[in-house]
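Quick one: the structure is below, and I'll ask about it shortly.
Heads up: numbering here begins at 1 and tracks the sequence.
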Amino acid sequence: MTDKPTVLFVCVHNAGRSQMAAGYLRALGGDDVEVLSAGSAPRDTINPVAVEAMAEEGIDISAHTPKILTVDAVRESDVVITMGCGDACPIFPGKRYEDWELDDPAGQGIDAVRPIRDEIRARIAALVADLLPERGAA
C-alpha cells in the first residue's frame with residue numbers, strides 16, 4: 001500500500017451502498033485517502049433516498065454519478081470493498097478484499113435506508129482507524 005491508500009467500493013448499481021460508503025470515506029478520510037466507487041451494472045443516477053439519507057449526515061453525494069467497474073480501477077486500488085457484485089469483481093493478488101453484506105437501499109424508503117447508512121458509517125469509521133491510525137477512530 002502507498003502512503004495514500006486507494007479504496008474502491010463496488011456494488012451492482014453504484015447508486016446506493018457504494019456511493020454512501022464513498023461519501024463517508026471522503027468525509028472521514030479527507031485528503032489522506034483516495035476514494036473510488038463503481039458498479040458492475042451502474043444506474044444512470046444515484047438513488048435519491050441514499051442522497052437524502054447522507055444529507056441528513058451533512059454529506060452531499062448528489063453530484064456524484066454511477067460509474068462502470070473497470071479492471072484498471074481494481075488494479076490501482078489497495079483495498080476493494082464489494083457490496084453484492086459477486087463474480088463481476090476481478091481479483092488481483094496482493095490486494096485487500098472485503099465483502100460487506102449490506103441490505104440494498106434500492107426501492108426502499110428513508111426509514112429503511114437510515115439503518116443501512118448507519119451500518120456503512122460504522123464500517124467506514126473502523127476502516128479509517130485501520131488505514132489511517134494516526135487519525136484515530138474519526
> So which heavy atom on D111 is nearest to which on P115, and how close?
Replying inline: O-CD, 3.2 Å

> Are E56 and R114 close enough that some pair of their side-chain heavy atoms sits under 4.5 Å apart?
Replying inline: yes

> Side chains of L127 and I81: does their closest heavy-atom pair fall under 4.5 Å?
Replying inline: yes

> Any side-chain heavy-atom pair from N14 and L69 closer than 4.5 angstrom?
Replying inline: no

>> Rounded at 0.5 Å granularity, tell me how far CD1 in I61 sits from CE in M20.
In response: 7.0 Å

>> According to a hydrophobic-cluster definition based on side-chain heavy atoms being under 4.5 Å apart (Ile, Leu, Val, Met, Phe, Trp, Tyr only), do I46 and I110 belong together?
In response: yes

> If you look at every heavy atom in A112 and Q108, which pair is closest and at what distance?
Replying inline: CB-OE1, 3.4 Å

Donor-acceptor pairs are to be reported for all side-chain atoms of residues 100-107 against protein atoms at under 3.5 Å, with residues two or more places apart or in another chain.
from	atom 1	to	atom 2	distance (Å)
W100	NE1	E98	OE1	2.8
D104	OD1	A106	N	3.0

> Of the options L25, D130, L8, L131, which is the one that meets V79 in a side chain to side chain contact (heavy atoms under 4.5 Å, CB included)?
Replying inline: L131

>> With rounding to the nearest 0.5 angstrom, report the CD1 to CZ distance, I116 to R121.
In response: 13.5 Å

> If every non-hydrogen atom of D32 is compared with every non-hydrogen atom of P5, which pair is closest and at what distance?
Replying inline: O-CD, 3.5 Å

>> In the structure I gave you, are the side-chain heavy atoms of L36 and E76 within less than 4.5 Å of one another anywhere?
In response: yes

> For F9 and R17, what are the C-alpha separation, side-chain angles and deciding distance, and is it a side-chain contact (heavy atoms from CB on, under 4.5 Å)?
Replying inline: CA-CA 9 Å; F9 296 101; R17 295 166 289 188; over 6 Å; no

> Crowded around R26 CZ? As in, over 12 foreign heavy atoms under 6.0 Å?
Replying inline: yes

> With side chains defined as the heavy atoms from C-beta onward, is the minimum distance between R117 and Y24 less than 4.5 Å?
Replying inline: yes

> Looking at side-chain heavy atoms only, is the closest gap between V33 and T6 below 4.5 Å?
Replying inline: no

>> Is the shortest side-chain heavy-atom distance between P42 and H13 below 4.5 Å?
In response: no

>> Pair K67, T65 - check side-chain contact (heavy atoms from CB on, under 4.5 Å), show working.
In response: CA-CA 6 Å; K67 295 172 191 63; T65 56; 4.0 Å; yes

>> Restricting to non-hydrogen atoms, name the atom on S18 and the atom on M83 that form the minimum distance, rounded to 0.1 Å.
In response: N-SD, 3.6 Å

> Got a sec, which residues hit salt bridge (charged side-chain N to carboxylate O under 4.0 Å, His left out) with R75, two or more places apart in sequence or on another chain?
Replying inline: D72

>> Donor-acceptor pair, distance only, cut-off 3.5 Å: does the side chain of K95 make one with the backbone of S77?
In response: yes

> Got a sec, which residues hit side-chain contact (heavy atoms from CB on, under 4.5 Å) with T45, two or more places apart in sequence or on another chain?
Replying inline: none

